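So the structure is just underneath, and the comments pick up after that.
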Amino acid sequence: TGPASFQNVDGGMLPRDFVAQLVAELGQREEKPVRLGDDQLDFLARVVDHFEEVLRERQAGRVPRQRVFLLLGQGDSGKSEIINIVRKASDKYVRVGGVLAMASTNSAARGIGGDTIHSCIHWHGDAGLSLEQLSKRVTPELKDKWRDVELLVVDEISLVQTRSSE
């Protein structure tokens, strides 16, 4: 199966062409146009390669491997735009609604269309992150929220306290 097998039935556009179109639209918008740098474009290319790998593996009846991508950058460097592009591409080619976005602060979470980390994992107050403590908070609603997650986005990870990630 080659790249042509990834054509979406509604438009026939390949994932990398779809992402290239979204990137071009960023640079052409009237209000606050965004020009992505080489590192950002390289990040998007790696994510698209992974999406295509996921599709190939699923078509072959295999479970795709998991990947971790780390996107770093200063404030106002376009990270939220990259996340939005990844979300749109995931919805179109991997699974609609399969992206769960979270961030350490409310304002950052709103910027990527997500929730706070605490809300996403039902971690409130001084609760710890031991397996025992976390398993007590697993509810049917939490299971439903995570059931179809294909892609987890954590924005502003540098603001998460070390104590929280232990």
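Note that the coordinates shown come from a computational prediction; the quantities given were computed from them, not determined experimentally.
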Locate the shortest heavy-atom distance separating F43 from V86; write the atom from each residue and the value. CE2-CG2, 4.4 Å
Residue list, side-chain contact (heavy atoms from CB on, under 4.5 Å) with L152, at least two apart or on another chain: L100, M102, W146, V154
All side-chain contact (heavy atoms from CB on, under 4.5 Å) counterparts of I83, not counting sequence neighbours: I112, V153, D155
Sorted by chain and number, sequence neighbours left out, side chain to side chain donor-acceptor pair (under 3.5 Å) with R65 holds for E53
To the closest 0.5 Å, what do you measure between CG (D42) and CG (L36)? 12.0 Å
For V96, which residues count as a side-chain contact (heavy atoms from CB on, under 4.5 Å) partner, sequence neighbours excluded? none
Under-4.0 Å salt bridge between E81 and R29: yes
Name all residues meeting the side chain to side chain donor-acceptor pair (under 3.5 Å) criterion together with T116; count only those two or more places apart in sequence or in a different chain, and write none if there are none. S119
Between Q40 and G37, is there a donor-acceptor pair closer than 3.5 Å when you use the side chain of the first and the backbone of the second? yes
Is any side-chain heavy atom of D115 less than 4.5 Å from a side-chain heavy atom of N106? no
For F18, is the NZ or CZ atom of K88 found under 6.0 angstrom from the centre of its six-membered ring and inside 45 degrees of the ring axis? no
Who are the side chain to side chain donor-acceptor pair (under 3.5 Å) partners of R16, not counting sequence neighbours? D49, E52
Stepwise, does the side-chain contact (heavy atoms from CB on, under 4.5 Å) test hold for E25 with L22? CA-CA 5 Å; E25 288 171 5; L22 294 175; 3.7 Å; yes
Would you say that V94 contacts V99 through its side chain, given a criterion of any heavy-atom pair below 4.5 Å between the two side chains? no
